[in-house]
Amino acid sequence: MGVPLVCHGHSRPVVDVSYSPVTPDGFFLISASKDSNPMLRNGETGDWIGTFEGHKGAVWSCSLDKHAMRAASASADFTAKIWNALTGDELHSFEHKHIVRACAFSEDTHLLLTGGMEKIIRIFDMNRPDALPKQVGNSPGSIRTVEWLHSDNTILSSCTDTGDIRLWDIRSDKIVQTLETKFPVTSAEVSQDGRYITTADGSSVKFWDANNFGLVKSYEMPCNVESASLEPKHGNTFIAGGEDMWVHRFDFQTGEEIGCNKGHHGPVHCVRYSPGGESYTSGSEDGTVRIWEVVGSVNQEEKESDQSGNVKLVAEEVVRKAESLRISEKAAEAK
């Protein structure tokens, strides 16, 4: 299924990738790696824009705010950092007492959510970065993933060592719902329209109703998967990546595999669809980020149309030159 754009630059495994929404300047992709240097790229071309330098340990999670003006990163150096995505400058460093595994900007961009080995969910106020963070409840285990939903009123979290997804109401600081999974959830994504929560645990990909929290679909994958992502525009396909080093693409309604991307040389740790659904990205143990174009997407059809158009123009030019040559030869014969 197509040749990917291969993005080199990281010297160690890539463990998280995240897209910005579409902005007036396009959309952007940030990657987190154990090499301690998150990288920002053009989300469409994969072109390197910059590297955020300052962490002293592996970076486990990364996020861009909805304007792609600021980036956040969560690290094994016991900090979460905020960066200016235009200049690469560090804007603030939030100290923690243990490894920070996850971070996420709120939809309104004013808050940063963090979680990690301390088993504490923290909310930092971007407008008052020096203020003490709000702490939400007590997690039963080390935190692996955090996400916002319901217009920043609910927090989703999962743990590294126990199953289930927990939904927290930030007004009451209490768990309002638990989504049961057999294994620890390694990836959680809230769909672009806010309708679904996509999770990966063990060899299973599950889709939950984000409003009533019912299980909508559950599919067993060909291997243990670390990450899954739902196509954002139509919600008709999803991707999953894991220990077999491949990125699999499936039909959402049936679970049937409709594509498979091979190319990574190590387990796939993270996958995400681009905000328009015309491509998706994967990050791997092999240290590369790969961007795969969706076969049949509008972008690809436009490119193929351009290419066929160019071929047609070249062919017409060749015909014209041949006709011109024949006319010249006939004129010469007539003389």
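Computed from a predicted model, the values in this text were never measured in an experiment.
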Under a 3.5 Å cutoff, is there a donor and acceptor pairing between the side chains of Glu95 and Thr79? no
Verify the neighbour count for atom CD of Glu180: are there more than 12 heavy atoms of other residues, nucleotides or ligands below 6.0 Å? no
Could you tell me whether the side chain of Asp152 and the main chain of Ser106 form a donor-acceptor pair under 3.5 Å? no
So, for Asp35 and Ser11, which heavy atoms are closest and what is the spacing to 0.1 Å? OD2-N, 3.1 Å
Any side-chain donor-acceptor pair under 3.5 Å between Lys81 and Ser93? yes
Note, Arg101 side chain near Thr160 side chain (heavy atom, < 4.5 Å): yes
Do His10 and Ser31 have a side chain donor and acceptor closer than 3.5 Å? yes
Calculate, to the nearest 0.5 Å, the distance between atoms CZ and OG1 belonging to Arg144 and Thr186 respectively. 5.5 Å
Ignoring hydrogens and angles, state whether a donor on the side chain of Glu220 or Ser203 is under 3.5 Å from an acceptor on the partner side chain. yes
Does a donor on one side chain and an acceptor on the other come within less than 3.5 Å for Trp168 and Ser157? yes
Side-chain touch Arg70/Phe105, heavy atoms, less than 4.5 angstrom: yes
Heavy-atom neighbours of Lys174 NZ exceed 12 at 6.0 Å: no
Check step by step if side-chain contact (heavy atoms from CB on, under 4.5 Å) holds for Val268 and Glu226. CA-CA 7 Å; Val268 175; Glu226 271 197 63; over 6 Å; no
Exercise: do Asp193 and Ser191 side chains pair donor with acceptor under 3.5 Å: yes
Are Glu257 and His248 linked by a side-chain donor-acceptor pair shorter than 3.5 Å? yes
Side-chain donor-acceptor contact under 3.5 Å, Glu285 with His269: yes
pair Ile121-Ile155: side-chain heavy atoms closer than 4.5 Å: yes
Any side-chain heavy-atom pair from Ser75 and Val100 closer than 4.5 angstrom? no
Any donor-acceptor pair under 3.5 Å linking the side-chain atoms of His55 with those of Ser73? yes
Hey, which of Phe213, Phe252, Tyr196 is the one that makes ring-ring contact (aromatic ring centres under 6.0 Å, His included) with Phe207? Phe252
Looking at CD1 of Ile120 and OG1 of Thr114, how far apart are the two atoms once the value is rounded to the nearest 0.5 Å? 9.0 Å
Residues Leu111 and Met126: closest non-hydrogen pair is N-CG, 4.0 Å
Minimal non-hydrogen separation, Glu231 against Gly277, with atom names: OE2-CA, 3.6 Å
How about Val146 and Cys103: do any of their side-chain heavy atoms sit closer than 4.5 Å? no
Should Cys270 and Ser187 count as side-chain neighbours, where that means a heavy-atom distance under 4.5 Å? no
For Tyr273 and Thr237, does a side-chain donor sit closer than 3.5 Å to a side-chain acceptor? yes
Check Glu147 with Arg166, please: is the shortest side-chain N to carboxylate O separation under 4.0 Å? no
Which heavy-atom pair separates Gln253 from Tyr219 by the least distance, and what is that distance? O-OH, 3.0 Å
Side chains of Thr145 and Ser158 only: does a donor on one sit below 3.5 Å from an acceptor on the other? yes
Is atom NZ of Lys233 surrounded by more than 12 heavy atoms (other residues, nucleotides or ligands) closer than 6.0 Å? no
CG (Asn127) with more than 12 external heavy atoms under 6.0 Å: yes
Closest approach of Ser36 and Gly57, non-hydrogen atoms and distance? CB-O, 3.0 Å
Centroid separation Phe27 to His67 less than 6.0 Å: no
Could you tell me whether a side-chain N or O of Ser279 sits under 3.5 Å from a main-chain N or O of Val294, the two making a donor and an acceptor? no
Quick check: closest heavy atoms across Lys206 and Ser218, and the distance to 0.1 Å? CG-OG, 3.6 Å
Can you find a pair of side-chain heavy atoms, one from Lys182 and one from Asp201, that are under 4.5 Å apart? yes
Between the side chains of Trp292 and Ser282, is a donor N or O closer than 3.5 angstrom to an acceptor N or O? yes
Atom CD1 in Ile99, atom CZ in Phe78: separation rounded to 0.5 Å? 6.0 Å
When the aromatic ring centroids of Phe94 and His92 are compared, is their separation below 6.0 Å? yes
Determine the sole option in Val190, Thr154, Ile123, Leu156 for which the side-chain contact (heavy atoms from CB on, under 4.5 Å) test with Trp148 is passed. Ile123
Side-chain touch Val216/Trp208, heavy atoms, less than 4.5 angstrom: no
For the pair Arg272 and Glu189, find out whether any cationic side-chain nitrogen is under 4.0 Å from an anionic carboxylate oxygen. yes
